[in-house]
Q: 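Questions regarding the structure given below will be posed in turn.
As the structure lists them, so they are numbered: ligands from 1, and atoms in each ligand from 1. Quick caveat: nothing in here was measured; it's all calculated off a predicted structure.
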Amino acid sequence: MKNKQFAVIGIGRFGESLIRELSHMGYEVLAIDSDEERINYAIDIATHAVQADSMDEATLKKLGIRNFDVVVVAIGENVQANILTTIILKELGVKKVIAKAQNALHGRVLEKIGTDLVIYPERDMAVKLARSLASRNLLEQISLSPEYGIIELLAPRVFNNKSLVDIGLRKKMRVTILAIKRGNDIIVAPGPEERLYDGDILVALGSNEDLQKLSDWE
Ligand code: ATP
């Protein structure tokens with residue numbers, strides 16, 4: 001077992017997928033839900049599953065919730081339960097609380113009460129999908145800030161047999177290539193003379209605008 005401990009409160013579709021993935025990666029996960037059926041289901045995928053109302057501070061305390069490295073509030077529809085649970089977790093001293101917001105206003109409230117990370121899974125997934133549908137070479141993206149990110153893309157064909165400096169990736173296009181994946185090989189922090197070939201996968205860092213331009217090349 002890996003030593004980071006997670007708790008997920010609310011086992012809807014999002015909470016369930018999160019629990020499954022963390023367990024699959026070898027982490028200990030405590031699942032909490034007020035619904036008995038959900039808990040019976042979670043027993044098979046989580047390390048521990050506890051039926052409890054997360055608005056009940058005493059119960060969370062008893063579960064030793066403050067010792068968990070990260071607690072994710074994945075309660076959706078019930079905004080009140082989502083907010084109250086988050087407040088209680090912060091008051092109990094949980095180091096990192098991540099909460100799922102239903103909309104922008106809900107997100108603002110969560111930020112004001114000290115949520116360490118507010119997520120909007122449906123919106124973020126839709127934005128990701130829209131971007132990858134719109135650009136022909138984009139494979140994966142990580143947002144670093146509202147302006148900057150890292151993308152993984154298929155090297156545009158016009159780059160074939162040209163070096164990074166010839167293409168002017170850094171000077172003209174203002175993006176930094178962090179790595180090149182070529183078959184089973186990975187070239188980390190390639191130098192300016194490194195050549196690109198058809199089928200290469202590039203990991204690039206830059207502003208969203210510059211990355212968008214890069215991934216639109218044919
Ligand atoms: P998803 O889109 O991920 O399916 P959702 O928005 O449909 O999520 P809900 O079904 O509203 O989310 O909530 C997820 C889970 O949270 C449910 O299984 C529900 O029983 C649980 N839940 C709601 N309120 C509480 C609470 N106070 N304490 C514990 N669990 C709760």
Side-chain angles (χ1 to χ4, degrees), residues 1-2 4-134 139-143 146 149:
M1 278 284 167
K2 296 191 180 163
K4 239 180 174 181
Q5 288 194 320
F6 299 101
V8 177
I9 302 177
I11 314 164
R13 287 161 301 170
F14 176 76
E16 180 195 328
S17 304
L18 185 63
I19 294 166
R20 269 186 196 285
E21 192 59 25
L22 288 170
S23 298
H24 181 71
M25 290 162 83
Y27 289 104
E28 275 189 44
V29 189
L30 167 68
I32 300 172
D33 201 295
S34 49
D35 185 283
E36 190 183 354
E37 245 177 64
R38 292 270 92 201
I39 287 302
N40 285 336
Y41 177 74
I43 287 171
D44 292 335
I45 54 171
T47 323
H48 306 283
V50 174
Q51 186 185 357
D53 182 342
S54 57
M55 290 185 283
D56 178 358
E57 188 169 344
T59 307
L60 290 184
K61 224 177 188 171
K62 244 187 267 161
L63 288 170
I65 204 81
R66 75 182 292 277
N67 300 322
F68 284 78
D69 297 288
V70 182
V71 180
V72 181
V73 181
I75 298 170
E77 250 163 72
N78 189 342
V79 172
Q80 181 180 337
N82 172 300
I83 292 171
L84 294 181
T85 300
T86 305
I87 292 184
I88 294 169
L89 292 171
K90 282 317 292 179
E91 280 184 359
L92 287 176
V94 176
K95 279 186 288 293
K96 185 159 186 182
V97 179
I98 300 177
K100 173 176 128 155
Q102 290 290 82
N103 53 51
L105 182 59
H106 180 195
R108 291 218 297 276
V109 173
L110 287 171
E111 269 162 26
K112 288 225 159 72
I113 60 173
T115 313
D116 300 283
L117 179 66
V118 179
I119 52 167
Y120 305 81
E122 290 90 354
R123 188 198 68 182
D124 294 349
M125 192 61 218
V127 169
K128 252 187 169 183
L129 180 63
R131 285 193 189 159
S132 70
L133 290 175
L139 301 172
E140 205 38 92
Q141 55 192 328
I142 301 170
S143 174

Q: Give the atoms of ligand 1, by number and element, whose distance to some non-hydrogen atom of D35 is under 4.0 Å.
A: 20 (O)

Q: At the 4.0 Å heavy-atom cut-off, does S17 count as touching ligand 1?
A: no

Q: Report the nearest protein non-hydrogen atom to atom 3 (O) of ligand 1: residue, atom name, distance rounded to 0.1 Å.
A: F14 N, 2.7 Å

Q: Look at the side chain of R38 and the backbone N and O of I11, then say whether any donor-acceptor pair between them is shorter than 3.5 Å.
A: yes

Q: Considering only the protein, which heavy-atom contact is closest to atom 2 (O) of ligand 1, and what is its distance?
A: R13 NH2, 2.8 Å

Q: Please determine if S54 has a nitrogen or oxygen closer than 3.5 Å to a nitrogen or oxygen of ligand 1.
A: yes

Q: Identify, for atom 31 (C) of ligand 1, the protein heavy atom at the shortest distance, and state residue, atom and that distance.
A: S34 OG, 3.3 Å

Q: Taking I119's backbone N and O only, do any of them form a donor-acceptor pair with D124's side chain (distance below 3.5 Å, no angle check)?
A: no

Q: Indicate the atoms forming the closest heavy-atom contact of S34 with D53, along with that distance.
A: CB-CA, 4.3 Å

Q: Is E140 paired with K128 through a side-chain N to carboxylate O contact shorter than 4.0 Å?
A: yes

Q: May I ask whether E16 places a heavy atom under 4.0 Å from ligand 1?
A: no

Q: At a 4.0 Å threshold, what atoms of ligand 1 neighbour a non-hydrogen atom of R38?
A: 18 (O)

Q: Working to the nearest 0.5 Å, report the span between CZ of F6 and CG of D69.
A: 6.5 Å

Q: Just by modelled atom types, is the I45 backbone N or O under 3.5 Å from a matching donor or acceptor in the S23 side chain?
A: yes

Q: Does the protein put a heavy atom less than 4.0 Å from atom 11 (O) of ligand 1?
A: yes

Q: My understanding is that we take every heavy atom of each candidate and find the minimum distance to atom 15 (C) of ligand 1. Doing that for D33, V50, I75, which one comes out nearest?
A: D33

Q: If hydrogens are left out, which of G15, G10, G12, G76 has an atom nearest to atom 13 (O) of ligand 1, that is, the closest non-hydrogen atom?
A: G76

Q: Check this for me, if you would: do K95 and D116 make a salt bridge, where the nitrogen-to-carboxylate-oxygen distance has to be below 4.0 angstrom?
A: no

Q: I'd like to check which ligand 1 atoms, numbered from 1 as shown, lie under 4.0 Å from a non-hydrogen atom of A52.
A: 28 (N), 29 (C)

Q: For R66 and V94, indicate whether the former's side chain and the latter's backbone hold a donor-acceptor pair under 3.5 Å.
A: no

Q: Could you tell me if E36 and Q51 have a donor-acceptor pair between their side chains, going purely by distance under 3.5 Å?
A: no

Q: Which atoms of ligand 1 sit under 4.0 Å from any heavy atom of M55?
A: 27 (N)

Q: Which ligand 1 atoms are under 4.0 Å away from a heavy-atom of D53?
A: 26 (C), 27 (N), 28 (N)

Q: Return a yes/no value for A81: is any of its N or O atoms, backbone included, closer than 3.5 angstrom to an N or O of ligand 1?
A: no

Q: Based purely on interatomic distance, does K100 place a nitrogen or oxygen under 3.5 Å from a nitrogen or oxygen of ligand 1?
A: yes

Q: Do E16 and R20 meet the salt-bridge criterion of a basic N to acidic O distance under 4.0 Å?
A: yes

